[in-house]
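One structure is given below, encoded as structure tokens.
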Amino acid sequence: MYDKTVRRRRAVLGLLVVSSLILLTAYFREPTGGALHNVQRGILTVVSPIQDGASKALKPVRDLFGWVGDTVTAKGDLKDARSERDKFRSEAIASEAAVRQNAKLRGLLNLDRIPNDLSPYRPVTARVVTRSPTLWFAKITISKGSGDGIRVGQPVIAADGDGSDDAGLIGKVDSVVGSSAVVRLITDSSIAVAATTADGSVSGTVKPSPGNPRDLIMDGVAQKVVVQRGDFVVTAGTVSRRNDLPSVYPPDLPIGRITRVEDAGSLDQVPHLKPFVDPRRIEYVQVLTRRVNDNR
Amino acid sequence: MAGLSPQIALRLAVLCVGVVVLQVAAVSQVVIFGTSADLTPLVVAAVGLMCGSISGAIFGFCVGFLFDAALVQTMGLTSFVCIVAGYGAGRLRELRDPQSVVVPMIVGAVATAITTFGYGLLNFMLGIDAPVSFLLLRVIVATIVFNAIIAIPVFALVRRWLGPALPEDPRRRRRRAYTTGGLSPLSRA
């Protein structure tokens with residue numbers, strides 16, 4: 001009787017371990033459209049409305065706990081924000097003259113103003129429903145899907161906190177089902193974004209920093225280029241004659257600000273930037289559902 | 001496992017869906033001191049401690065499967081580590097049957113450590129190019145500490161949910177019978 005129980009226990013355990021290993025191997029080796037991926041999408045289709053409902057219902061509880069954490073963080077941020085405010089105030093005064101001069105020169109040259117709003121890109125606003133609790137997979141699930149015009153590869157922007165201001169690029173759509181989509185964040189090691197500084201003087205490719213998912217690096221910056229700490233980095237929105245090369249991201253989407261430059265001035269100089277949006281605090285996102293002028 | 005009634009199987013199924021939805025829709029979005037709690041290893045370990053090794057392992061597999069599906073992650077990864085956590089907790093009950101009040105805390109912390117480190121190890125073995133850093137280690141340690149703190153209420157809630165369907169613990173039955181005067185060795189003598 002005892003042997004039978006032990007044998008059965010070992011058999012069940014072995015079966016479970018083998019099942020998960022088969023699942024793991026099959027999933028890892030099959031293409032994105034494979035059977036297990038389809039099963040996963042099917043489960044996501046069924047589970048996402050439940051998750052959406054649960055996310056809405058549990059928002060007050062989340063906010064209550066979030067308030068405690070935010071209060072602690074806010075105390076630290078306040079000091080930094082005050083010193084930044086003083087710095088930007090003096091810079092704003094200097095910029096005002098430059099803006100006036102710029103407008104005057106544009107008028108003289110009959111140049112069109114580049115629109116700042118994203119309406120031509122047909123942004124679709126969605127709520128963040130779930131996010132991976134680990135640092136291994138930088139993904140979030142949002143409450144809109146293919147039924148709302150969302151397709152794989154479309155860029156996603158977000159604002160820190162309530163979605164009111166300081167929007168920044170956070171990633172691109174990774175997979176879509178009818179009523180929800182999974183967004184791969186720019187902190188994921190598989191993502192690289194062609195980027196430039198706001199004044200266009202520095203260009204490179206923004207990638208996650210090895211060893212720190214909350215830090216991004218700008219790869220491929222030329223040796224002679226002088227990179228300034230505090231510079232704003234935006235998407236380059238590159239175009240190419242080859243169909244597979246243009247950036248999926250429109251130009252001038254804010255990404256982050258340069259915090260330090262590793263080996264400045266050398267061949268291997270690497271600017272580090274802090275993303276404008278903390279992926280762990282996003283509540284709402286906007287998916288840019290339309291390519292405009294090949295994202296030129 | 002032999003005494004797994006339909007009622008307890010149903011309760012385990014509801015618990016499985018409930019914990020995954022609660023974890024991904026709410027708990028993982030609450031970040032306190034740079035980390036968030038991970039209910040899955042705690043609940044899997046609690047089921048292992050209450051229902052035994054096989055039930056714990058099967059429950060771990062199901063929770064992991066649903067978790068990977070809901071988060072569109074590599075299928076089988078979470079299942080594998082949760083099987084270990086559930087089976088381990090179940091074996092602890094079967095071999096030692098610890099009764100101390102700090103058992104949930106210790107078991108919860110160990111189960112969290114097994115799942116988080118195991119998950120990382122499997123990722124390395126699969127060659128997933130993920131950032132590995134002091135930050136990652138810090139987050140893992142913080143999650144273990146956080147989980148250890150909330151383990152006691154989580155275990156209590158799981159016990160409350162599964163309790164009505166679980167076969168009564170013989171020791172508790174004996175103690176209750178003794179206090180009500182039913183099966184006291186003295187009265188029998």
Side-chain angles (χ1 to χ4, degrees), chain A residues 5 8-9 12-13 16-17 19-28 36 39-44 47-48 50-55 57-59 61-62 65-66 68-69 72 128-137 139 141 174-175 182 187-190 208-214 280-281, chain B residues 1-2 17 20-38 40 52-54 57-58 60-61 64-66 68-84 87 94 116 119-120 122-123 126 128-136 139-140 143:
Chain A
T5 312
R8 193 175 60 187
R9 195 182 65 223
V12 173
L13 179 67
L16 287 172
V17 169
S19 300
S20 54
L21 288 177
I22 290 171
L23 206 61
L24 191 65
T25 314
Y27 184 88
F28 211 67
L36 276 174
V39 169
Q40 200 172 39
R41 271 191 286 273
I43 293 173
L44 184 66
V47 172
S48 59
I50 302 169
Q51 287 173 339
D52 194 19
S55 180
L58 295 165
K59 193 177 182 304
V61 183
R62 276 204 317 266
F65 281 100
V68 176
V72 176
V128 176
V129 177
T130 69
R131 69 193 80 210
S132 175
T134 66
L135 291 178
W136 294 95
F137 292 94
K139 287 179 182 175
T141 311
D174 193 48
S175 58
V182 177
T187 50
D188 189 284
S189 57
S190 67
S209 169
N212 189 352
R214 289 178 204 162
R280 292 157 70 97
R281 290 173 183 274
Chain B
M1 182 65 188
V17 176
V20 172
V21 169
L22 190 68
Q23 175 62 41
V24 295
V27 178
S28 61
Q29 296 186 40
V30 177
V31 180
I32 297 175
F33 299 118
T35 189
S36 53
D38 191 356
T40 46
S53 57
I54 294 305
I58 295 171
F61 179 84
F65 183 86
L66 200 59
D68 285 337
L71 287 172
V72 197
Q73 294 179 166
T74 310
M75 301 279 275
L77 263 180
T78 314
S79 295
F80 189 84
V81 291
C82 283
I83 287 170
V84 178
Y87 184 79
E94 285 158 8
T116 47
Y119 195 81
L122 282 172
N123 271 310
L126 288 169
I128 291 173
D129 189 17
V132 179
S133 60
F134 175 71
L135 179 76
L136 181 69
V139 168
I140 287 174
T143 308

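Chain letters run A, B, ... following the sequence lines, proteins first, then strands; residues in each count from 1.
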**OP:** Mark yes or no for whether A:Lys139, through its side chain, and B:Leu71, through its backbone, hold a donor-acceptor pair below 3.5 Å.
**Re:** no
Assert top hit (heavy-atom pairs under 4.5 Å, partner chain B, pool A:Leu16, A:Leu44, A:Val47, A:Ile43) equals A:Leu16
Between the OG atom in A:Ser19 and the CZ atom in B:Phe61, the distance rounded to the nearest 0.5 Å is 5.0 Å
Carefully, step by step, assess A:Phe28 and B:Met75 under the rule side chain to side chain contact (heavy atoms under 4.5 Å, CB included).
CA-CA 8 Å; A:Phe28 211 67; B:Met75 301 279 275; over 6 Å; no
Distance col, row A:Gln51:CD vs B:Gln23:CD, nearest 0.5 angstrom, shows 11.0 Å
For A:Thr141 and B:Ala70 the tightest heavy-atom approach is OG1-O, 4.3 Å
Cut-off 4.5 Å, heavy atoms of chain B, and the answer for A:Val129 is backbone
Between the CG atom in A:Leu23 and the OG1 atom in B:Thr74, the distance rounded to the nearest 0.5 Å is 10.5 Å
Under 4.5 Å to a heavy atom of chain B? For A:Ser175 that would be side chain
Per-residue tally against chain A (heavy atom, under 4.5 Å) across B:Ala69, B:Ser53, B:Gly64 peaks at B:Ala69
(message) With side chain to side chain contact (heavy atoms under 4.5 Å, CB included) as the criterion, how do B:Ser28 and A:Thr130 come out once you've worked through the C-alpha distance, each side chain's angles and the decisive distance to 0.1 Å?
(response) CA-CA 8 Å; B:Ser28 61; A:Thr130 69; 5.9 Å; no
Nearest heavy-atom contact between B:Ala57 and A:Leu13 is CB-CD1, 4.4 Å
_Can a donor-acceptor pair be found, under 3.5 Å and without considering hydrogens, that links the side chain of A:Gln40 to the backbone of B:Asp68?_
yes
For B:Thr143, the side chain to side chain donor-acceptor pair (under 3.5 Å) test, sequence neighbours excluded, returns B:Thr35
Sequence neighbours excluded, the answer for ring-ring contact (aromatic ring centres under 6.0 Å, His included) partners of B:Phe80 is none
